[in-house]
Amino acid sequence: MTFPSRLIDGYCAFTATRLPLEQSRFQKLAETGQHPEVMVICCCDSRVSPEVIFDAHPGELFVVRNVANLVPPYSPSGFMHGVSAALEFAVQNLKVKYIIVMGHSHCGGVRAFVEHRGRPDPGDFIDNWMSLITPVAQSLGDDKNMSRSDYLARLEHASIVATLSNLISFPWINSRVAGQQLKLLGAYFDVGSGALEVYDPVASAFMPITREGVTAE
Ligand SMILES: [Zn+2]
């Protein structure tokens, strides 16, 4: 049997250092179950781990990762809905207080959408999945007056806002948001700098987050 030696080394480091510090927490979580207050929807991208970015402990974040941190609109059909199932469990069972949609810079899924735009491969899982942001791209208009990187960043940001709208299409999310039992938040992580922005729905803009909280630029 082969298992990547890097992961064996990493697990040994975990059992030697972090596990002893977290042992009682793991034991309690095993006995009483998980009660995370925060659900994070983020990209599969290996550079954007929410547990690392938010310095989270076991049991604190309920995480769903998919290509480009998307949520399809509510659709109670007979298809398999992995994201919807995770949302249902987090909202209905765990009763999380926050759902954070965290996008990021240099997203390969968003870049694939732009590069394949107009000629998607119907047999391509990524193109099919990324077609979810077609309305977002249409709302932005053309990209003639900006660089490719600026356009991609705009699309990455706008996609987060659209995903927040898709979340509201789930009736049990909508009712909890209306009853102020649940808050939906957008965030954007810059891979190169490590900077984190948070979406301000009043200003319809992303604001940098600092130790003091979210501040206007
Ligand atoms: Zn991504």
Side-chain angles (χ1 to χ4, degrees), residues 10-11 14-15 18-104 107 109 129 132-133 156-157 159-189 196-201 206-207 209 213-214:
Y11 178 68
F14 166 73
T15 55
R18 186 160 181 177
L19 183 59
L21 296 173
E22 304 268 25
Q23 189 73 70
S24 61
R25 181 188 293 267
F26 274 117
Q27 188 64 39
K28 189 174 177 213
L29 286 167
E31 291 167 359
T32 64
Q34 60 170 335
H35 303 284
E37 293 192 344
V38 179
M39 177 180 191
V40 183
I41 298 164
C42 64
C43 188
C44 300
D45 193 301
S46 61
R47 301 164 295 183
V48 191
S49 171
E51 293 88 348
V52 172
I53 292 167
F54 295 112
D55 192 25
H57 294 285
E60 288 188 317
L61 300 181
F62 188 81
V63 177
V64 172
R65 301 183 74 159
N66 62 48
V67 173
N69 42 272
L70 302 179
V71 173
Y74 178 66
S75 175
S77 67
F79 294 106
M80 304 301 180
H81 295 288
V83 179
S84 301
L87 283 168
E88 182 179 271
F89 185 70
V91 173
Q92 304 271 58
N93 292 69
L94 298 176
K95 301 188 185 334
V96 295
K97 295 179 179 173
Y98 302 91
I99 299 177
I100 300 173
V101 178
M102 186 169 73
H104 69 101
C107 183
W129 176 248
L132 280 167
I133 69 168
E156 288 159 355
H157 283 86
S159 171
I160 295 166
V161 179
T163 297
L164 292 173
S165 296
N166 285 351
L167 284 172
I168 284 289
S169 69
F170 289 73
W172 25 269
I173 290 179
N174 194 342
S175 63
R176 285 184 175 272
V177 170
Q180 300 191 326
Q181 300 149 298
L182 174 65
K183 283 190 169 58
L184 307 182
L185 303 169
Y188 182 85
F189 181 73
L196 186 71
E197 299 172 337
V198 175
Y199 182 63
D200 179 347
F206 282 80
M207 307 292 192
I209 192 166
V214 181

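Hydrogens, waters and symmetry mates are skipped; everything else that's a heavy atom, side chains included, is used. Count residues from 1 along the sequence.
- Distance OG1/Thr163 to CD1/Ile168: 12.5 Å, rounded to 0.5 Å.
- Separation of atoms CD (Glu197) and CZ (Phe189) is listed at 11.5 Å; rounding is to 0.5 Å.
- A pairwise comparison of heavy atoms in Ile41 and Asn69 identifies O-CB, 3.7 Å as the closest pair.
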Give the table of side-chain donor-acceptor pairs shorter than 3.5 Å for residues 86-96, with sequence neighbours excluded, one pair per line with atom names and distance.
from, atom 1, to, atom 2, distance (Å)
Lys95, NZ, Gln92, O, 3.0

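- Residue pairs meeting the side-chain hydrogen bond (donor to acceptor under 3.5 Å, both in side chains) criterion with at least one member in residues 174-185, sequence neighbours excluded, do not occur.
- Taking CD of Glu156 as the start and SG of Cys107 as the end, the distance is 6.0 Å to the nearest 0.5 Å.
- In this model, no donor atom of one side chain and acceptor atom of the other lie less than 3.5 Å apart for Gln23 and Gln27.
- Residue pairs meeting the ring-ring contact (aromatic ring centres under 6.0 Å, His included) criterion with at least one partner in residues 31-57, sequence neighbours excluded, are absent.
- Looking only at side-chain heavy atoms (C-beta outward), Ile100 and Val38 come within less than 4.5 Å of each other.
- The number of heavy-atom neighbours closer than 6.0 Å to OH of Tyr11, taken from other residues, nucleotides and ligands shown, is 12 or below.
- Nearest heavy-atom pair, Leu70 versus Ser159, reported as atom, atom and distance to 0.1 Å: CD2-OG, 3.4 Å.
- Under the 4.5 Å side-chain criterion, counting only non-hydrogen atoms from C-beta, Pro73 is in contact with Leu132.
- The two atoms that bring Arg25 and Pro58 nearest to each other are CD-O, 3.5 Å, heavy atoms only.
- Taking the side chain as every heavy atom from C-beta outward, Arg65 and Pro50 approach each other to under 4.5 Å.
- The minimum heavy-atom distance linking Ile160 with Gly186 is given by the pair CG2-CA, 3.7 Å.
- Note: Leu196 CG to His104 NE2 = 13.0 Å, rounded to the nearest 0.5 Å.
- Every residue two or more places apart in sequence or in another chain that forms a side-chain hydrogen bond (donor to acceptor under 3.5 Å, both in side chains) with Asp45 is listed here: Arg47.
- The two residues Ala68 and Cys43 have their closest heavy-atom pair at N-SG, 3.3 Å.
- Across all non-hydrogen atoms, the minimal contact from Glu60 to Asp55 is OE1-O, 4.4 Å.
- Between the CD1 atom in Ile173 and the CG atom in Leu184 there is a gap of 6.5 Å [rounded to 0.5 Å].
- Applying the ring-ring contact (aromatic ring centres under 6.0 Å, His included) test to pairs two or more places apart or on separate chains, those with a residue in residues 164-188 are Tyr74-Phe170, His157-Tyr188, Phe170-Trp172.
- Contacts of Glu37 classified as salt bridge (Lys or Arg N to Asp or Glu O under 4.0 Å), with partners at least two apart in sequence or in another chain: Lys97.
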